[in-house]
Number of protein chains: 2
Amino acid sequence: MTLPKNKSRRVTLDDVATRARVSAVTASRVLRKPEMVSADLRARVDSAVRELAYVPNQLASALASSHTGRIGVIVPSLTNGVFGDYLRALHDVFIPAGFQVLVLNSHYLPGREEKAIATMLGQFPEAIILAGIGQTTQARKSLQQAGVPVVQTMEMTDDPIDINVGLSQVGAGYAAARHLFDLDHIHVGQISAPHDSRSRKRVEGYMQAVGEFNAVPMVISADQPSSVPLGGQMLIELMSRWPKVTAVFCGNDNLALGALFECQRRRIRVPDDLSIIGFNDLEVSACAYPSISSIATPRYEMAQRAAEIILEIIRGTGTRPKQRQIDLGFRLIARDSTGRAG
Amino acid sequence: MTLPKNKSRRVTLDDVATRARVSAVTASRVLRKPEMVSADLRARVDSAVRELAYVPNQLASALASSHTGRIGVIVPSLTNGVFGDYLRALHDVFIPAGFQVLVLNSHYLPGREEKAIATMLGQFPEAIILAGIGQTTQARKSLQQAGVPVVQTMEMTDDPIDINVGLSQVGAGYAAARHLFDLDHIHVGQISAPHDSRSRKRVEGYMQAVGEFNAVPMVISADQPSSVPLGGQMLIELMSRWPKVTAVFCGNDNLALGALFECQRRRIRVPDDLSIIGFNDLEVSACAYPSISSIATPRYEMAQRAAEIILEIIRGTGTRPKQRQIDLGFRLIARDSTGRAG
DNA sequence: TTGTATGATGATTGCGCTGTCAATTGTTCC
DNA sequence: GGAACAATTGACAGCGCAATCATCATACAA
């Protein structure tokens, strides 16, 4: 009988080849380019694969071909709803194209991101997709040296490592604040968890609007990760510090949700007493009561676009697209949580 | 000068060795077991590594040592808050121990899970952690054949593939329903998204309680992924079909949140008109208004325990713990959304 | 019949690293 | 002074697979 020589060992291509009475090369070809092999041998190899329950060793395959079929993705958070759509888009494009998507988490910390990038590069991904533009100098260097396509997403930069697909966080923050000023609010506050560097950009946008409308900046921020309860806490702080506030721009929808609950708890009517706008337009915002105004960001499209660009580069032997900076914009979604002042 | 022979090529261990004027083996040792190398050579190698910005090729390393340092994790959803704590615990244990955590998403579909398991096994993880016990026969076979520790989590089974750390979903579902009956509710409804097999187990628990209290089962389920808005929709359906309902057990906290919003929208007072209990005790439940009663599941502890068991097996040359089934239980968290009937 | 083109199959080599064992050096003890 | 030993270091083979080129059989044209 043709059994694996060593029982305790994993089944290798050689075992399959031996069993099918062909050479290892032919067995390999049946798996990768079946059309190059005659029907007879192909059937023999196929059944040997099935009988032995052969699983190709991707490590060896990747080492020999220097082609890993892996796409590296680094996001600052897995649980943040924002990255659900984002990762879904990446899967939707890459999996059918025969690539694996490898996700690492940077926890909103540049240091962790640098480590994650190093780890990722050790896996030899064929491209890397990053959330944000704030990589460390060291990380930028490693990425450039790696010689694979790199796409920075979620925000815009004038100096991309390679490709940049995003939106203006400052502009989006400005739009959110502007929406409140346009509703004649004068005392417009801002709460955010500045762990997230994009959140800080949105505050910049808010400051721009504040300047433009000659308003007084009222900003509360907390040195901890964003969460729903934090939104409530910061709202209290904001209102006790600036009791005249009639509208608040929350750095993201979770904070907005927490703020809304706190209003309900304190019998603050939304939007009559206080207008609330969030950011990112998560699913929950539309069905909250009252529904929460927000800024919708093109998360799915952004990741999709990034993925498509990468596929084009990989398949097109490395030719970069003409446009290396792509701004996908954002949309203001006015709902019931924001109303006219007075 | 000792530069890499080929400029367009990645830096290899040989390049480092040449530059440091040592053998490749020594260079390798400096990186893996520095205490075995003299201080002099160690310094030379270290600086060569730095100067050449050498990144070890994990592929080659893993192939040669048959030790990948990877832990495979398969979860049904990344965006579900439940798996935030879970993944955090895994990282907290494995990263300091020098392992990488590889996460794949099964989207609550056994077929996708089977594929994810196959993909994972091709990466040669040193252990696999699964959420749930409902793997396909094929998947079970592959896992057993792989010969690595496998831990099934989140629920209990009498027939674990290898190790099982979880809690009784039926029991927890019973406890949730029981809580409502104990508050003298007679018409107790249940809404859930049965995509999630654990959710179905909780319905079983609900049915047990219904039987015990001679109540009429009132179950609504939707054939789509769970979400906050879905909770609202199913609540409407439940109440229009059984208008007498005064309490509802929601399959998870997101559904409960959606149900709560719908009540606010329709001026149904919670808990006066309707009691609501969720499941999983996500962060948002405690800060909602009113705060939502729930069943707290030991997600962090469960993953932590699983990780520790795995480390012990890997380090202890494969000895399994005496106890292969570990029930970590659950806790009923009664909050303001559930009140006495009448 | 011979020569050539075509397609199918196999032998060999090497991807970059680590396990193993041999070789070398220095050290200690009697 | 030499044996016995420990501490370093290096040579070599091989992990499992794929790229490359060589070989072989077949078909067809001249």
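Order of the sequence lines sets the chain letters (A, B, ...), proteins ahead of strands, with each chain counted from 1.
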Starting from P on dC15(D), measure out to NE2 on His67(B) and report it in whole angstrom. 19 Å

State whether Ser38(A) places a side-chain N or O below 4.0 Å from either non-bridging phosphate oxygen (OP1 or OP2) of dG7(C). no

Taking Tyr86(B)'s backbone N and O only, do any of them form a donor-acceptor pair with Arg299(B)'s side chain (distance below 3.5 Å, no angle check)? no

Gln138(B) side-chain N/O to Gln135(B) backbone N/O, donor-acceptor pair under 3.5 Å: no

For Gly166(B), does its backbone N or O pair with a side-chain atom of Thr153(B) as donor and acceptor, under 3.5 Å? no

Measure from CG on Leu59(A) to C1' on dC17(C) and round the result to the nearest Å. 11 Å

From CZ of Arg10(A) across to P of dG14(D) the rounded distance in Å is 22 Å

dG10(D) phosphate, OP1 or OP2, under 4.0 Å from Thr26(B) side-chain N/O: yes

Got a salt bridge between Arg42(B) and Asp46(B), using NZ or NE/NH1/NH2 to carboxylate O under 4.0 Å? no

Please confirm whether the shortest side-chain N or O distance from Tyr54(B) to OP1 or OP2 of dC17(C) is below 4.0 Å. yes

Quick one: which protein N/O atoms are closer than 3.5 Å to N/O atoms of nucleotides 19-28 of chain D? Pair and distance per line, please.
| residue | atom | partner | partner atom | Å |
| --- | --- | --- | --- | --- |
| dA19(D) | OP2 | Arg32(A) | NH1 | 2.7 |

Taking Glu155(A)'s backbone N and O only, do any of them form a donor-acceptor pair with Arg198(A)'s side chain (distance below 3.5 Å, no angle check)? no

At a cut-off of 3.5 Å, list every protein nitrogen or oxygen paired with a nitrogen or oxygen from nucleotides 25-27 of chain C, distance to 0.1 Å.
none

Pull out every residue in residues 118-126 of chain A that has a heavy atom closer than 4.0 Å to any atom of DNA chain D, ordered by number, or say none. none

Does atom CZ of Arg305(A) have more than 12 heavy-atom neighbours from other groups under 6.0 Å away? no

In terms of side-chain heavy atoms of Ala60(B), which of dT9(D), dC17(C), dA18(D) is nearest? dC17(C)

Could you tell me how far apart Asn57(A) (CG) and dA18(D) (C1') are, to the nearest whole angstrom? 13 Å

Whole angstrom is fine here: how far is it from CG in Leu63(A) over to P in dT13(C)? 18 Å

Separation of dC17(D) atom P from Asp14(A) atom CG, nearest Å, is 8 Å

From CD of Gln58(B) across to C1' of dC17(C) the rounded distance in Å is 12 Å

Value in whole Å for how far the P atom of dC17(C) lies from CG of Leu31(B): 9 Å

Distance check: side-chain N/O of Ser23(A) vs OP1/OP2 of dT9(C), anything under 4.0 Å? no

If you assign Ala62(A) and Leu41(B) each to the DNA chain D nucleotide with the nearest heavy atom, which residue ends up on the more 5' nucleotide? Leu41(B)

Run Gln123(B) and Thr68(B) through side-chain contact (heavy atoms from CB on, under 4.5 Å) and show every step you take. CA-CA 8 Å; Gln123(B) 311 267 349; Thr68(B) 58; over 6 Å; no

Determine the sole option in Thr157(B), Val165(B), Ile163(B) for which the side chain to side chain contact (heavy atoms under 4.5 Å, CB included) test with Gln152(B) is passed. Thr157(B)

Would one find a side-chain N or O of Ser61(A) under 4.0 angstrom from OP1 or OP2 of dC17(D)? no

Does any N or O in the side chain of Asp196(A) come within less than 3.5 Å of the main-chain N or O of Pro225(A), such that one atom is a donor and the other an acceptor? no

Please confirm whether the backbone N or O of His107(A) pairs with a side-chain atom of Ser77(A), one donor and one acceptor, at under 3.5 Å? no

Is a donor from one side chain sitting under 3.5 angstrom from an acceptor on the other, for Arg70(A) and Gln58(A)? no

Backbone of Asp162(A) reached by a side-chain donor or acceptor of Arg324(A) within 3.5 Å: yes

Could you tell me whether Leu13(A) contacts a base, only the sugar-phosphate backbone, or nothing, with contacts defined as non-hydrogen atoms closer than 4.0 Å? sugar-phosphate

